[in-house]
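Notes for the one structure printed next.
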Number of protein chains: 2
Amino acid sequence: MGYSESTGGRKAVFNPIANDGDDVTFCSTCAFGAVCVGHGVDKIGLNELHCLVEHAGPYRAGDAIFRNGDRFSAVYAVRAGTVKTSQVDREGRELILGFHLPGELIGLNAIHTEIYPCDAIALETVEVCRFSFPALATLATRIPQIQKELFRRLSKDIGDASQRIQESTADERLAAFILNLSARYEARGFAANALRLSMPRSDIANYLGLAAETVSRVLRRFQDSGLLVVEGREVSLRNPAGLREVARNILPE
Amino acid sequence: MGYSESTGGRKAVFNPIANDGDDVTFCSTCAFGAVCVGHGVDKIGLNELHCLVEHAGPYRAGDAIFRNGDRFSAVYAVRAGTVKTSQVDREGRELILGFHLPGELIGLNAIHTEIYPCDAIALETVEVCRFSFPALATLATRIPQIQKELFRRLSKDIGDASQRIQESTADERLAAFILNLSARYEARGFAANALRLSMPRSDIANYLGLAAETVSRVLRRFQDSGLLVVEGREVSLRNPAGLREVARNILPE
DNA sequence: ACGGGCGCTTGATCGGGGTCAAGGCGGGCC
DNA sequence: GGCCCGCCTTGACCCCGATCAAGCGCCCGT
């Protein structure tokens, strides 16, 4: 609600670069919204982040934010839309690393080699915030809360990737995937029980290590047993507790 | 060579805490050896790291360096021996996250929650260096090379975990596993073509998402086709190029 | 309105590897 | 020294999900 109402103030901002909204609106869905507002970064820190960020986009579905092999220079926070990151192995097969919603950071896996190890592709209309990494790292030395938040996000990505390795059945994986998306949408203020998949079945299958046909069949079985209703890419959760039961084996202890 | 000869100077060191060797020897196999010696940290930075580190161990096989659920307070660099990190899901099944050789950092995946999400268990006699994380983070704000090295290691862990997700056959996984171990041993100055597995087959199987029986069978097949020779936990690579060929599908592009 | 293509679904078959079962071997402890 | 237990191996069987194949429906462009 505050979002649409605040558009009237869009031009009365102090931020000289990414001034498409006032500071609260600008960061409310942004990667650093939490750290700025919630983790003790003061007005000055917020200001400095705003000076650092560059708003980029919109990208259309299929456009690349960065590409495998590009020289690493920045991390990006998704601001709107969904981004998929993926690699291609030497057989030409795609391996999808993740689907990234607004507020999530991409490019962190490139720090180590200074080369992006994956493509970042818009799945729908996408806007991002670009943070020059050298500048961000320098800022992190001056503002410990920003350093801490970077450490946190890197650490979380390790845990998330580890979680995906777990042995499990197609049912467990798909249930966990839907629940995970649902939770992330909910955390962003969307309905928890109705979500729109922004990627084709084949991408879901690839991400989960399944065949597209299996995704289709399992979704149908979930629907037949009343767990959810699927209509194209729209999914309505009808029995979240039941889904959680199906996924329970691979949810964190 | 310089190692055994330097023992004569063991007591003539400036480091007040972890003074079991001179500075070069102490760090030569340590997580921060590279950053101290190779990435531009000067004498002062090295000194500061030395003041921060606490040498711990020896741990015997089966001992825990830390446990799932423990409050996160420090990261550890393996100094000697091999450490496995593993989680237990709610069905009681183990999920092995990694095997960590000397010079590798463990505990980075706990930053995010401030709770260790896994057990760290010694597979043989192990010594570690403990770095209080708050102190390390503070030091990182003052010494950018240390901050950078932490970012790098976190980033690398993300990439490593992502790599493991890839669909692949038992043969590919096992070949890649052996080659990976071989390369890591070689980078630490050990023979590349003769290595000792420090974990039981069941742990290898768990780590690779296979059954122990499959590991056994595939190793036998590799041996029958002349790729390597297995004798208990001793593995001799006889045809590394052939192994690389088997693993090629899942090696980075 | 129509054609075409891509994404999705559903069915049929097949195979890699998990599981169950039964030894063999080796090392530690009394 | 001998026993025992845990690790490893080998064999037989079977199941989940991949693959192959066919058809459907929706959207998009002309």
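Keep in mind that what you see is a predicted model, and the values were worked out from it rather than measured. Throughout, a chain's letter reflects where its sequence line sits, starting with A, and its residues are numbered from 1.
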Exercise. Is the backbone N or O of B/Leu154 less than 3.5 Å from a side-chain atom of B/Asp157, with the two atoms forming a donor-acceptor pair by type?
Worked result: no
Problem set entry | Angle by which the axis turns from one end of the helix from C/dA1-D/dT30 to C/dC30-D/dG1 to the other, five pairs per end, to 10 degrees | 40°
For this session: Please confirm whether the backbone N or O of B/Pro102 pairs with a side-chain atom of B/Arg188, one donor and one acceptor, at under 3.5 Å?
Result: yes
For this session: Using modelled atom types only, decide if a donor and an acceptor are shared between the side chain of A/Gln87 and the backbone of A/Pro117 within a distance under 3.5 Å.
Result: yes
For this session: Write down the distance between CG (B/Leu197) and P (D/dT9), rounded to a whole number of angstrom.
Result: 10 Å
For this session: Spell out, as yes or no, whether a donor-acceptor pair under 3.5 Å connects the side chain of B/Thr214 to the backbone of B/Leu210.
Result: no
Problem set entry | Ionic contact status for A/Asp160 with A/Arg164, cut-off 4.0 Å | no
Exercise. How long is the line joining CG of A/Leu219 and P of C/dT9, in whole Å?
Worked result: 7 Å
Identify each atom pair where a protein N or O and an N or O of nucleotides 14-19 of chain C are less than 3.5 Å apart, giving names and distance.
from	atom 1	to	atom 2	distance (Å)
C/dG17	OP1	B/Ala170	N	2.7
C/dG18	OP1	B/Gly209	O	3.3
C/dG18	OP2	B/Ala211	N	2.8
C/dG18	OP2	B/Thr214	OG1	2.5
C/dT19	O4	B/Arg217	NH2	2.8

Exercise. Can you tell me how far P of C/dC6 sits from CE of A/Met199, to the nearest Å?
Worked result: 21 Å
Exercise. Who passes salt bridge (Lys or Arg N to Asp or Glu O under 4.0 Å) against A/Arg130, sequence neighbours left out?
Worked result: A/Glu54
For this session: Take the protein atom CG of A/Asp224 and the nucleotide atom C1' of C/dT9, then report the distance between them rounded to whole Å.
Result: 12 Å
Problem set entry | From CA spacing to verdict: ring pair (Phe, Tyr, Trp, His ring centres under 6.0 Å), A/Phe177, A/Tyr207 | CA-CA 9 Å; A/Phe177 176 74; A/Tyr207 178 71; 5.7 Å; yes
Exercise. B/Glu234 has an atom CD; how far is it from atom P of C/dG26, in whole Å?
Worked result: 14 Å
For this session: Apply salt bridge (Lys or Arg N to Asp or Glu O under 4.0 Å) to A/Arg196 and list each qualifying residue two or more places apart in sequence or on a separate chain.
Result: A/Glu234
Seminar exercise, completed: note: A/Glu124, atom CD; D/dC27, atom C1'; distance rounded to Å ~ 17 Å
Exercise. Would you say a side-chain N or O of A/Arg220 is under 4.0 Å from OP1 or OP2 of C/dT9?
Worked result: no
Close N/O contacts between protein and nucleotides 22-26 of chain D (under 3.5 Å):
none

For this session: For B/Glu124, enumerate each residue passing the salt bridge (Lys or Arg N to Asp or Glu O under 4.0 Å) test, keeping only those at least two apart in sequence or located in another chain.
Result: none
Problem set entry | Distance-only donor-acceptor check, side chains A/Thr82 and A/His100, under 3.5 Å | no
Exercise. Salt bridge between A/Glu104 and A/Arg153, side-chain N to carboxylate O under 4.0 Å?
Worked result: no
Exercise. How long is the line joining CG of A/Asp203 and P of C/dC6, in whole Å?
Worked result: 15 Å
Exercise. CG of B/Asn206 versus P of D/dC7: gap in Å, rounded?
Worked result: 14 Å
